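Here the structure is a predicted model, which is why all the values come from computation and not from measurement. Just so you know, these numbers use all the heavy atoms, side chains as well, and skip hydrogens, waters and symmetry mates. Order of appearance sets the numbers: ligands from 1, and atoms from 1 within every ligand.
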Amino acid sequence: MFDALADRLESAWKSLRGQDKISETNIQDALREVRRALLEADVNLQVVKTFIEEVRQRALGAEVVAGVRPDQQFIKIVYDELVAVMGESNIPLAQASQAPTVILMAGLQGAGKTTATAKLALHLRKENRTTLLVATDIYRPAAIDQLLTLGKQINVPVFELGTEVNPVEIARQGIAKGRELGVDTVIVDTAGRLQIDADMMAELGDIKKAVTPDEVLLVVDAMTGQEAANLTQAFHEQIGITGAILTKMDGDTRGGAALSVRQISGQPIKFIGVGEKVEALQPFYPDRLASRILG
Ligand code: GDP
């Protein structure tokens, strides 16, 4: 999946090989290659700049370790920095001290929000946690049907009030229903638009106020590449996210969106979607993605 990026870094390492010390001049080539590689992996330009600067500082400040080749040392610095940017370790879902925990799903239409809602419910069930799914996308009746179908498939209840009731009210009643059913977690699926849109943001903001979620998860299609940065910025500034799910990581993407999402929002990526099936959800491990990026 990250072959091109790995190749690019491979040539960067060559320019350091045979050097006995990391200096401003001998890391220029390597940094340029890392920069190019990250841009080709669709990491946002600003994110790349910050990343490269951090690597430069660390590399120049690094003590040359006896017996370790500078190129290997540089690889380690790039790897460590990649892991640090993406969040160091997997951060589990927040859990309310008093049930139900409320998770609000946000994102553009087609990102994989509804699928991720069902995937999360299945994931939680494996931890013996019960869920209720709430369908608030009243603009696309197909979205409600999709959630009902997925709910049936995984045997998880779905709360919906059709397309005539206000989404904020549906969400509010959904939480009440969750409490009544005694479920552990309520996951609120929301409407997306094809693009960032003021009405969508306003509605999401209203739902957030009404249900005071423990998690606001931004669902980002990893295939959107550069766009992931703008998307994250808009949602984080206007709504405030607590984490993200990066979907379609099974596709032909280098995963650069992960860096952008994390660095721009400061919030962790919690899961990755790796297929269309409800089982295709994995916890996000920054070190694994960094290793894959570096090949
Ligand atoms: P929503 O509009 O954000 O709710 O998006 P959907 O959940 O309806 O997903 C849109 C499309 O993406 C559907 O065809 C899903 O099957 C597909 N999809 C969702 N997540 C993944 C994933 O991780 N990998 C792949 N390959 N497809 C996915």
Side-chain angles (χ1 to χ4, degrees), residues 1-2 42 90 93 103-124 126 131-154 156 158-160 163 167 170-171 174 186-197 199-201 203-204 207-208 213 215-225 227-228 230-232 234-236 239 241 243-258 260-261 269-285 288-289 292:
M1 181 148 62
F2 302 108
D42 279 335
N90 172 260
L93 286 173
I103 301 177
L104 185 61
M105 307 294 278
L108 292 186
Q109 188 180 317
K113 218 177 327 100
T114 304
T115 312
T117 301
K119 285 176 173 179
L120 268 185
L122 189 63
H123 170 83
L124 289 171
K126 285 178 189 154
T131 50
L132 172 69
L133 309 182
V134 179
T136 70
D137 187 354
I138 59 166
Y139 312 100
R140 291 189 312 132
I144 300 177
D145 290 342
Q146 188 189 354
L147 198 63
L148 285 168
T149 307
L150 287 166
K152 206 176 271 175
Q153 196 183 324
I154 57 173
V156 166
V158 175
F159 180 81
E160 54 102 10
T163 57
I170 301 175
V186 177
I187 311 177
V188 182
D189 190 18
T190 61
R193 301 273 204 281
L194 289 173
Q195 289 169 358
I196 295 162
D197 165 303
D199 290 344
M200 168 179 70
M201 288 297 188
E203 182 180 293
L204 205 52
I207 295 179
K208 186 183 173 190
E215 287 273 13
V216 180
L217 297 179
L218 178 63
V219 180
V220 182
D221 179 345
M223 307 283 281
T224 54
E227 257 311 290
N230 300 334
L231 187 75
T232 304
F235 274 90
H236 196 47
I239 308 297
I241 64 168
I245 298 181
L246 210 55
T247 62
K248 309 188 191 179
M249 287 290 276
D250 52 312
D252 184 21
T253 166
R254 297 188 198 155
S260 306
V261 170
I269 290 155
K270 300 211 166 176
F271 294 93
I272 57 170
V274 292
E276 296 193 38
K277 297 213 171 94
V278 269
E279 298 82 16
L281 184 78
Q282 296 173 358
F284 175 74
Y285 289 104
R288 286 189 201 163
L289 187 55
R292 265 159 97 170

Under 4.0 Å from a heavy atom of [X]: give me the atoms of ligand 1 that qualify, with their elements.
| X | answer |
| --- | --- |
| K248 | 12 (O), 18 (N), 21 (C), 22 (C), 23 (O), 24 (N), 25 (C), 27 (N), 28 (C) |
| T115 | 6 (P), 7 (O), 9 (O), 15 (C), 19 (C) |
| Q146 | 6 (P), 7 (O), 8 (O) |

- Query: Should L289 and M249 be marked as a side chain to side chain contact (heavy atoms under 4.5 Å, CB included) after you check the CA-CA gap, both sets of side-chain angles, and the distance that decides it?
  - Reply: CA-CA 11 Å; L289 187 55; M249 287 290 276; 4.0 Å; yes
Using a 3.5 Å cut-off on N or O atoms only, is [X] in polar contact with ligand 1?
| X | value |
| --- | --- |
| T114 | yes |
| E276 | yes |
| G273 | yes |

- Item | Side-chain donor-acceptor contact under 3.5 Å, Q109 with Y139 |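 No, Y139 and Q109 have no side-chain donor paired with an acceptor closer than 3.5 Å.
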- Sub-4.5 Å side-chain heavy-atom contact between E227 and D221: no
- Can you find a heavy atom in the side chain of L93 that is under 4.5 Å from one in the side chain of L120? yes
- Query: Between K113 and T190, is there a donor-acceptor pair closer than 3.5 Å when you use the side chain of the first and the backbone of the second?
  - Reply: yes
- Does G273 offer a backbone N or O that forms a donor-acceptor pair with the side chain of K119 under 3.5 Å?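 Here the side-chain-to-backbone pair does not exist.
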When you look for heavy atoms under 4.0 Å from ligand 1, do you find them on the side chain of [X], its backbone, both, or neither?
| X | answer |
| --- | --- |
| R140 | side chain |
| L108 | backbone |
| V274 | backbone |

- Do you see a protein non-hydrogen atom under 4.0 Å from atom 13 (C) of ligand 1?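 Protein heavy atom within 4.0 Å of atom 13 (C) of ligand 1: absent.
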- Task: Take E160 and L147 through the side chain to side chain contact (heavy atoms under 4.5 Å, CB included) test and state the conclusion after the steps.
- Result: CA-CA 9 Å; E160 54 102 10; L147 198 63; over 6 Å; no
- Query: If every non-hydrogen atom of D42 is compared with every non-hydrogen atom of S260, which pair is closest and at what distance?
  - Reply: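 Shortest heavy-atom contact: O-OG, 4.4 Å.
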- Item | Heavy-atom pair with the smallest gap, counting every atom of I154 and A118 |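 Minimum heavy-atom separation between I154 and A118: CD1-O, 3.5 Å.
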- Of the listed options M105, K113, K119, K277, closest to atom 20 (N) of ligand 1 (non-hydrogen atoms):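 Nearest option to atom 20 (N) of ligand 1, by heavy atoms: K119.
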- Among G192, A142, G110, which one has a heavy atom closest to atom 10 (C) of ligand 1?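 The option holding the nearest heavy atom is G110.
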- Considering only the protein, which heavy-atom contact is closest to atom 5 (O) of ligand 1, and what is its distance?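 Going atom by atom, the protein heavy atom closest to atom 5 (O) of ligand 1 ends up being G112 N, 3.0 Å.
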Measure the distances from the heavy atoms of [X] to every atom of ligand 1 and state whether one is below 4.0 angstrom.
| X | value |
| --- | --- |
| D250 | yes |
| A280 | no |
| M249 | no |
| G275 | yes |

- Task: Kindly compute the distance separating OG1 (T117) from CG (L150), expressed to the nearest 0.5 Å.
- Result: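 It is 8.5 Å, given to the nearest 0.5 Å.
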- Query: In Å and rounded to the nearest 0.5 Å, what is the CG to OG1 distance from D189 to T136?
  - Reply: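 Going from CG on D189 over to OG1 on T136, the span is 6.5 Å.
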